[in-house]
Amino acid sequence: MGYLDNGDDGLEALRLDETDAAHQARAYEAASAAQLARLKTAVAFQFHWHGEAPLEARRSERGTRGFAHEAAECPVPWALAVLDPAHSAPARLLAALLPAVLAGVRRILILCPALPSPANCVALEIAGLEDVFVTPDTMPLALLRKLAAEGQGRLLLFPAREHPLWPALEAAAREARIPCRTDAPPRLYVGSADDERRELIRWAQGGALWLDAPTGCDAAFADADAPLTLGPGLEACWLAHDCGRDFFRSSRVTANLAPTSPEEAL
């Protein structure tokens with residue numbers, strides 16, 4: 001029987017089992033109090049920044065220049081995230097996945113060919129993202145194609161090493177016209193942060209490039225002229241500007257000519 005032939009895409013049999021749950025529990029227990037606190041802050045920060053969207057929003061307008069339109073938006077039907085087991089950047093993971101939750105996406109599936117990294121396991125646990133599956137390398141591509149046939153969702157990729165799976169998924173998404181976002185390590189400036197803060201940032205932002213000066217950085221954890229500046233206590237926070245709440249919403253617009261009165265035509 002194929003992976004997609006049994007019930008809900010055959011995924012239930014691949015859900016984290018009790019042994020895997022023990023791995024998650026060990027990861028949680030191994031995390032320091034400061035790390036756990038920063039991740040909880042990161043979750044709250046996403047709710048603060050994005051807010052929750054209504055499941056469906058509609059607005060209509062009849063203008064004064066002979067046009068009328070109606071616009072509607074709603075969550076996309078699904079979001080598929082594929083993690084490299086070596087990816088360990090809980091700040092960026094939460095910043096990409098939680099906007100889908102806040103956009104109202106009901107089906108958020110997280111696939112990993114092996115157990116996720118301990119740091120990412122802790123982030124998923126704290127965020128309450130439970131649909132995590134350990135799958136063979138061939139499953140993400142097959143599932144993406146099946147989901148694409150059901151509706152236009154979103155694909156999120158979290159690579160850490162070169163692997164044929166990543167370009168194959170990106171190509172399949174392009175072919176199916178599925179918007180895809182691939183996580184990339186950011187350039188960070190931490191200034192004169194103390195050792196404890198540096199370690200928290202390094203844990204939350206695995207793979208990031210650290211700069212000696214703020215010029216050209218993506219974010220600063222110090223007083224600097226940067227696109228994003230994060231103060232003390234926000235070491236695990238992040239904003240993915242190309243993957244906000246609107247990324248997980250679909251919109252429809254209907255426009256028509258509308259008759260105008262003589263008064264409106266003036």
Side-chain angles (χ1 to χ4, degrees), residues 42-43 45-47 49-51 53 73-113 116-117 119-120 123-124 127 129 131-133 135 137 139-148 150-188 204-209 217-219 227-228 230 236-251:
V43 171
F45 178 70
Q46 293 298 318
F47 277 77
W49 179 258
H50 296 288
E73 68 169 43
C74 63
V76 298
W78 54 267
L80 176 63
V82 185
L83 306 185
D84 188 319
H87 185 279
S88 184
R92 302 199 302 275
L93 183 67
L94 292 177
L97 288 175
L98 285 177
V101 175
L102 294 166
V105 180
R106 295 186 179 276
R107 196 176 185 200
I108 302 173
L109 305 174
I110 303 164
L111 275 55
C112 192
S117 65
N120 281 355
L124 294 171
L129 294 165
D131 287 333
V132 183
F133 307 88
T135 65
D137 285 350
M139 176 111 186
L141 191 56
L143 181 58
L144 172 62
R145 287 171 174 157
K146 183 176 188 298
L147 291 172
E150 298 175 0
Q152 191 182 58
R154 300 293 184 265
L155 176 64
L156 302 172
L157 303 180
F158 298 88
R161 302 161 296 185
E162 291 187 7
H163 191 283
L165 176 63
W166 308 118
L169 285 167
E170 290 175 338
R174 284 194 300 271
E175 182 180 353
R177 303 184 69 180
I178 298 297
C180 171
R181 181 186 185 273
T182 300
D183 180 63
R187 296 161 297 180
L188 305 179
Q205 285 281 5
L209 176 64
C217 73
D218 297 305
L228 174 64
L230 296 163
C237 294
W238 191 250
L239 286 176
H241 294 294
D242 59 342
C243 190
R245 194 183 69 183
D246 290 345
F247 180 72
F248 298 98
R249 305 278 289 181
S250 64
S251 60

Can you find a pair of side-chain heavy atoms, one from Leu109 and one from Trp78, that are under 4.5 Å apart? no
Do the side chains of His50 and Leu98 get nearer than 4.5 Å, heavy atoms only? no
May I ask you to test the Leu124-Leu97 pair for a side-chain heavy-atom distance under 4.5 Å? yes
By the definition side chain to side chain contact (heavy atoms under 4.5 Å, CB included), identify the one residue from Thr135, Leu111, Val82 that meets it with Leu143. Leu111
Straight-line distance of Gln46 CD to Arg245 CZ, nearest 0.5 Å: 12.0 Å
With heavy-atom distances below 4.5 Å as the criterion, would you say the side chains of Pro113 and Met139 are in contact? no
I need the full list of side chain to side chain donor-acceptor pair (under 3.5 Å) pairs touching residues 165-180, with sequence neighbours left out, sorted by first then second residue. Glu170-Thr182
Identify the heavy atoms of Phe248 and Ala96 that sit nearest to each other, and give their distance. CZ-O, 3.5 Å
For the residue pair Val76 and Gly153, what are the closest heavy atoms and their distance? CB-CA, 4.1 Å
Between Leu102 and Phe47, does the side chain to side chain contact (heavy atoms under 4.5 Å, CB included) criterion hold? Intermediate values first, please. CA-CA 7 Å; Leu102 294 166; Phe47 277 77; 3.4 Å; yes
Pairs flagged by salt bridge (Lys or Arg N to Asp or Glu O under 4.0 Å) wherever residues 159-168 is involved - sequence neighbours left out: Asp84-Arg161
Just so I know, are the side chains of Leu147 and Leu155 near enough to count as touching, which here means a heavy-atom distance under 4.5 Å? no
Does Asp131 have any salt bridge (Lys or Arg N to Asp or Glu O under 4.0 Å) partners at least two apart in sequence or in another chain, and if so, which? Arg15
Between NE2 of His163 and CG of Asp137, what distance do you get to the nearest 0.5 Å? 4.5 Å
Atom pair CG (Leu169) and SG (Cys180), whose distance is rounded to the nearest 0.5 Å: 7.5 Å
Can you confirm if the NZ or CZ of Arg154 lies within 45° of the ring axis of Phe247 and under 6.0 Å from the centre of its six-membered ring? yes
For Arg249 and Ala103, indicate whether the former's side chain and the latter's backbone hold a donor-acceptor pair under 3.5 Å. yes
Check Ala81 against Phe158 and note the closest heavy-atom contact, atom names and distance. CB-CE1, 4.0 Å
Non-neighbouring partners of Arg92 that pass side chain to side chain donor-acceptor pair (under 3.5 Å), sequence neighbours left out: Asp183, Gln205
I'd like to check the salt bridge (Lys or Arg N to Asp or Glu O under 4.0 Å) partners of Arg187; sequence neighbours left out, ordered by chain and number. Asp218
Partners of Cys237 by side-chain contact (heavy atoms from CB on, under 4.5 Å), sequence neighbours excluded? Thr41, Ala42, Phe45, Leu230, Leu234
For the student: nearest non-hydrogen atoms of Ala89 and Asn120, plus distance: N-OD1, 3.3 Å
May I ask you to decide if Ala86's main-chain N or O and Ser117's side chain share a donor-acceptor pair within less than 3.5 Å? no
Shortest non-hydrogen contact from Ser250 to Pro75? OG-O, 4.3 Å
Do any N or O atoms from the side chain of Asp242 and from the backbone of Arg181 form a donor-acceptor pair under 3.5 angstrom? no
In short, Ala204 meets Ala236 closest at the heavy-atom pair CB-CA, 3.8 Å
